[in-house]
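A quick note: this is a predicted structure, and the numbers were derived from the prediction, not measured. Just so we're on the same page: letters track the sequence lines, and every chain starts at 1.
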Number of protein chains: 2
Amino acid sequence: MTIAEPTVETAGRDRILDEAASLFLKQGYEAASVRRIAEAVGMQAASIYHHFNSKEDLLEVILHRGLEVMTVAFDDASTATLGAPGRERLAAHIRAHLAALYENGPYTATHVTTFRTAPENVRTTIVPQRDAYEALWTTLLNDLLTSGVLTPDTAVGPARLMLLGGMNASVEWFDPQRGSLDDLAHLITRQTLYGLSNPLKN
Amino acid sequence: MTIAEPTVETAGRDRILDEAASLFLKQGYEAASVRRIAEAVGMQAASIYHHFNSKEDLLEVILHRGLEVMTVAFDDASTATLGAPGRERLAAHIRAHLAALYENGPYTATHVTTFRTAPENVRTTIVPQRDAYEALWTTLLNDLLTSGVLTPDTAVGPARLMLLGGMNASVEWFDPQRGSLDDLAHLITRQTLYGLSNPLKN
DNA sequence: AAGCCTATCTAACGAACGTTAGGTAGGCAA
DNA sequence: TTGCCTACCTAACGTTCGTTAGATAGGCTT
């Protein structure tokens with residue numbers, strides 16, 4: 001058990017995390033000042049430091065939480081599609097990753113957009129958990145490869161990077177208010193598996 | 001007069017742009033201070049302001065240049081593949097965009113990574129040129145669609161977003177020092193056209 | 001030789017930054 | 001009722017930020 005039910009104690013802390021993650025997502029880590037985060041929460045900048053040791057600490061917690069949201073989504077998709085056909089399993093995991101990006105708070109999207117330029121010590125702390133998440137995808141794609149769902153000459157490493165990169169890149173253009181997440185998931189799944197080429201014309 | 005041949009005059013200015021773009025790429029726009037940029041160039045911070053009006057101005061010039069590099073690469077690919085088969089034309093333009101990202105200075109990569117969180121007035125200034133570049137891709141994909149190279153039910157808008165997003169996302173993991181750009185271009189072209197699915201197993 | 005222009009410098013400005021010290025008010029426990 | 005603990009506050013710290021003013025040194029023009 002990692003996530004407690006929201007109590008009065010954690011409410012203030014979680015409010016700070018929510019607003020900080022949203023601001024980091026919109027403006028970037030450096031541009032979002034502690035004072036602006038505090039203002040969004042409705043408190044003074046100094047009060048942030050009752051809950052977190054530093055601004056870097058705040059970012060670290062947010063990046064970890066974003067990764068946790070992804071990982072939980074992935075695991076849920078795995079158990080939900082145990083024994084299902086390969087393409088269905090892939091579709092479910094793609095949909096799960098996109099749901100983590102757009103339907104479970106700003107944490108995953110913030111992770112995706114701010115990790116690359118995060119302070120080095122923060123990045124270093126996050127890397128193991130990040131590797132673990134990527135390993136989940138490697139295992140999934142390897143399963144699909146050995147079961148014959150993917151072309152035998154598929155390079156799993158690059159395929160994983162392109163798939164995750166493609167999904168994450170959607171934060172640049174996909175607006176969950178305007179588009180359906182199911183449509184997006186279907187689009188990416190279809191394009192990943194079958195591509196754009198017209199099979200009738202070669 | 002907009003672009004002069006490189007003289008001793010513009011050399012200092014271009015040095016500043018190079019170092020600034022590299023730092024913006026590595027650390028982000030806000031984290032890279034004018035003093036650090038000046039230090040990388042080998043001058044004092046105040047000297048930057050002999051060449052640029054403000055830090056925002058510096059970013060704006062860099063973003064524009066990144067877009068110009070992309071556009072020139074696209075146009076070169078277009079003229080180089082006039083009358084060529086559709087898939088070859090697509091491959092050439094993918095390769096051109098990736099070359100702009102990795103082989104023509106840090107400008108295009110910096111554009112891709114910093115545009116989303118750039119100050120709003122800077123973003124506003126850039127948008128028209130950005131729309132023009134995306135329109136080039138829309139035209140190309142529409143050509144491929146009407147000539148039957150792409151599946152008739154291809155949605156060109158999302159396809160363009162996914163293709164550009166996928167290529168741009170490679171800046172997160174592709175290292176031009178370690179990997180071949182031709183390999184990357186081939187990988188993305190192949191995956192875009194044909195996907196990962198094993199055609200022998202449905 | 002005189003004057004100007006370009007490119008840089010030193011020095012400093014006010015503002016904003018992350019952060020700390022110390023205080024206060026309210027709830028819970030003894 | 002007293003005392004403590006949590007969650008905030010006000011005030012301020014030293015640092016760094018983007019930026020400006022003004023000086024200087026070297027080269028080109030006349």
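A/Tyr194 pairs by the ring pair (Phe, Tyr, Trp, His ring centres under 6.0 Å) definition with nothing, not counting sequence neighbours. Take B/Glu30 and apply the salt bridge (Lys or Arg N to Asp or Glu O under 4.0 Å) test, not counting sequence neighbours, and it matches no residue. Judged as a salt bridge (Lys or Arg N to Asp or Glu O under 4.0 Å), and not counting sequence neighbours, A/Glu39 has no contacts. For B/Glu19, the salt bridge (Lys or Arg N to Asp or Glu O under 4.0 Å) test picks out B/Arg15, with sequence neighbours left out.
Using a 4.0 Å cutoff on non-hydrogen atoms, no part of residues 113-121 of chain B comes near DNA chain D.
The nearest whole Å value for the distance from the CE atom in A/Met43 to the C1' atom in D/dC9 is 10 Å. Atom CG in A/Leu23 sits about 12 Å away from atom P in C/dG18, given to the nearest Å. If you measure from atom CD1 of A/Ile48 to atom C1' of D/dC9, you get 13 Å, rounded to the nearest angstrom. In this structure, A/Gln44 atom CD and C/dA16 atom C1' are separated by 15 Å, rounded to whole Å. When rounded to the nearest whole Å, the span between CD of A/Glu39 and C1' of D/dT10 equals 17 Å.
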Donor-acceptor pairs are to be reported for all side-chain atoms of residues 181-190 of chain A against protein atoms at under 3.5 Å, with residues two or more places apart or in another chain.
unit_1   : atom_1 : unit_2   : atom_2 : d
A/Asp182 : OD1    : A/Arg95  : NH1    : 2.3
A/Asp182 : OD2    : A/Arg95  : NH1    : 3.4
A/Thr189 : OG1    : A/Ala185 : O      : 2.7
A/Arg190 : NH1    : B/Asp153 : OD2    : 3.3
A/Arg190 : NH2    : B/Asp153 : OD1    : 3.1
A/Arg190 : NH2    : B/Asp153 : OD2    : 3.1

Side-chain donor-acceptor pairs of residues 166-178 of chain A under 3.5 Å, sequence neighbours excluded:
unit_1   : atom_1 : unit_2   : atom_2 : d
A/Asn168 : OD1    : A/His97  : NE2    : 2.8
A/Asn168 : ND2    : A/Leu164 : O      : 3.3
A/Ser170 : OG     : A/Tyr102 : OH     : 2.5
A/Ser170 : OG     : A/Met167 : O      : 2.6
A/Asp175 : OD1    : A/Gln177 : N      : 2.9

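Side-chain atoms of B/Leu163 and A/Leu196, non-hydrogen and from C-beta on, never get closer than 4.5 Å to each other.
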Show me the protein contacts with nucleotides 15-23 of chain D, counting only N or O atoms at under 3.5 Å.
unit_1 : atom_1 : unit_2  : atom_2 : d
D/dC17 : OP1    : B/Ser33 : OG     : 3.2
D/dG18 : OP1    : B/Lys55 : NZ     : 2.8
D/dG18 : OP2    : B/Val34 : N      : 2.9
D/dG18 : N7     : B/Arg35 : NH1    : 2.8
D/dG18 : O6     : B/Arg35 : NH2    : 2.9
D/dT19 : OP2    : B/Tyr49 : OH     : 2.6
D/dT19 : OP2    : B/Lys55 : N      : 2.7
D/dT19 : O5'    : B/Tyr49 : OH     : 3.4

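Proximity of B/His50 to the phosphate of C/dA7: a side-chain N or O atom is located under 4.0 Å from OP1 or OP2. A sub-4.0 Å separation between OP1 or OP2 of C/dT8 and a side-chain N or O of B/His51 is present. Of the side-chain N and O atoms in B/Ser47, none sit less than 4.0 angstrom from OP1 or OP2 of C/dA7.
Applying the salt bridge (Lys or Arg N to Asp or Glu O under 4.0 Å) test to residues at least two apart or on different chains, the pairs with a partner in residues 121-144 of chain B are B/Arg89-B/Asp143, B/Arg130-B/Glu134, B/Glu134-B/Arg160.
No donor-acceptor distance shorter than 3.5 angstrom exists from the side chain of B/Lys26 to the backbone of B/Ala32, with no hydrogens or angles considered.
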